[in-house]
Amino acid sequence: MKIVLATGNKGKLREFTQMCDTEVIAFSEILGELDIVEDADTFKGNALIKARTIYEKLESEDYIVISDDSGISVPILGGVPGIYSARYAGEGASDKENLYKLVEVVKSKGVNRTPAYYTAAIAIVSKYGEYVVHGWMHGDVLSTTRGEKGFGYDPMFVPAGYDLTLGELDDDIKKSISHRAKALVLAKPIIEMLQR
Ligand code: ITT
């Protein structure tokens with residue numbers, strides 16, 4: 001069975017492609033661009049909405065669809081942006097606009113650095129049913145950005161145990177510690193089982 005990724009986010013696509021040993025296809029290659037309304041109130045709920053929508057549109061039992069709903073939470077801010085990470089600076093906001101908004105909000109709290117964590121929910125939908133797994137990465141967010149690597153909020157995020165931001169650290173390091181990588185470790189045996 002072919003694996004289709006239900007994401008339009010280029011950063012996620014790049015990371016999934018690098019971390020999966022088998023071939024993965026972006027849904028847009030088969031279905032073109034699609035706007036999916038993510039109106040659940042959890043990462044899990046939104047991941048399921050995305051994977052189910054793409055699975056139904058593919059209209060074939062030959063596919064395993066994988067989605068990722070993720071975001072960053074800052075406890076000093078009551079957990080925001082959380083599930084709203086992709087639209088923190090408003091509907092249709094770019095990654096840079098969201099990043100700089102969070103930098104400004106952290107700065108407005110009068111701190112240079114405060115704990116934060118990324119969450120990833122990966123949903124897997126196929127003819128055999130639905131599964132969801134999670135992964136987390138803890139660290140701190142800064143009231144500034146450093147580096148250009150990664151995507152999204154990475155230039156302001158310092159993973160626990162490191163001094164550099166994910167904007168400065170090598171992609172290989174992010175691949176070994178990220179919320180997405182940890183969720184994928186749990187997703188891989190499920191995907192292998194479904195492909196047997
Ligand atoms: P899809 O729904 O098409 O997958 P999206 O960008 O809308 O793409 P989400 O709704 O899951 O995805 O929003 C995730 C946001 O959280 C994303 O836009 C980033 O700003 C942020 N994010 C998630 N994982 C990240 C990571 O590994 N590094 C940096 N930022 C991340």
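These values consider heavy atoms only, across backbone and side chains, with no hydrogens, waters or symmetry-generated copies. One-based numbering, in listed order, for ligands and for the atoms of each.
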> With a cut-off of 4.0 Å, which atoms of ligand 1 are near a heavy atom of H179?
Replying inline: 24 (N), 25 (C), 26 (C), 27 (O)
> Is there a salt bridge (Lys or Arg N to Asp or Glu O under 4.0 Å) between K174 and D171 once you walk through the steps?
Replying inline: CA-CA 5 Å; K174 183 175 181 191; D171 290 353; over 6 Å; no
> Which of these passes side-chain contact (heavy atoms from CB on, under 4.5 Å) with M156: L166, D140, T144, V103?
Replying inline: V103
> Which atoms of ligand 1 have any heavy atom of K174 under 4.0 Å away?
Replying inline: 26 (C), 27 (O), 28 (N)
>> Return the closest protein heavy atom for atom 20 (O) of ligand 1 as residue, atom name and distance.
In response: Y153 CE1, 3.3 Å
>> Can you tell me how far apart NZ (K175) and CE (M19) are? Round to the nearest 0.5 Å.
In response: 8.5 Å
> At what distance is the nearest protein heavy atom to atom 6 (O) of ligand 1, and which residue and atom is it?
Replying inline: N9 ND2, 2.9 Å
>> Checking a contact table here: which protein heavy atom is nearest atom 16 (O) of ligand 1, and how many Å away?
In response: S85 CB, 3.3 Å
> Do any heavy atoms of G71 fall under 4.0 Å from ligand 1?
Replying inline: yes
> Among all protein non-hydrogen atoms, which one is nearest to atom 1 (P) of ligand 1, and what is the separation to 0.1 Å?
Replying inline: T7 OG1, 3.5 Å
> Hey, looking at atom 24 (N) of ligand 1, which of M137, R87, R180 has the closest heavy atom?
Replying inline: R180
>> Between Q18 (side chain only) and E15 (backbone N and O only), is there a donor and an acceptor less than 3.5 Å apart?
In response: no
> Below 6.0 angstrom between ring centroids: does that apply to H134 and W136?
Replying inline: yes
>> To the closest 0.5 Å, what do you measure between NZ (K12) and OG (S67)?
In response: 8.0 Å
> Are L77 and V141 joined in one hydrophobic group, where the rule is that I, L, V, M, F, W and Y side chains link up if heavy atoms are under 4.5 Å apart?
Replying inline: yes
> Of the protein's non-hydrogen atoms, which lies at the shortest distance from atom 11 (O) of ligand 1, and what is that distance?
Replying inline: K12 NZ, 2.8 Å
> How long is the gap from CD1 on I177 to OH on Y162, to the nearest 0.5 Å?
Replying inline: 4.5 Å
> Of A47, G167, S70, which has the heavy atom at the shortest distance from atom 14 (C) of ligand 1?
Replying inline: S70
> So between A6, P155, A86, G152, whose heavy atom ends up nearest atom 18 (O) of ligand 1?
Replying inline: A86
> For the hydrophobic clusters of this structure (ILVMFWY residues joined by side-chain heavy atoms under 4.5 Å, transitively), does one cluster hold both Y153 and I173?
Replying inline: yes
>> Using the rule given for salt bridge (Lys or Arg N to Asp or Glu O under 4.0 Å), can you reason through D154 versus K149, listing the C-alpha separation, both sets of side-chain angles and the distance that settles it, and then say yes or no?
In response: CA-CA 7 Å; D154 287 343; K149 296 198 178 110; over 6 Å; no
> When you look for heavy atoms under 4.0 Å from ligand 1, do you find them on the side chain of F151, its backbone, both, or neither?
Replying inline: both
>> How long is the straight-line distance from CG of L184 back to CG of D68, given to the nearest 0.5 Å?
In response: 9.5 Å
>> Tell me whether ligand 1 is touched by D68 - counting only heavy atoms on the residue side and a distance under 4.0 Å.
In response: yes
> How far is atom 2 (O) of ligand 1 from its nearest protein heavy atom, and which residue and atom is that?
Replying inline: K50 NZ, 2.7 Å
> So which heavy atom in the protein is nearest atom 10 (O) of ligand 1, and how far is it from that ligand atom?
Replying inline: E38 OE1, 3.0 Å
> Which protein heavy atom lies closest to atom 28 (N) of ligand 1, and at what distance to 0.1 Å?
Replying inline: D154 OD1, 2.8 Å
> Relative to the heavy atoms of D69, which atoms of ligand 1 are at a distance of less than 4.0 Å?
Replying inline: 9 (P), 10 (O), 11 (O)
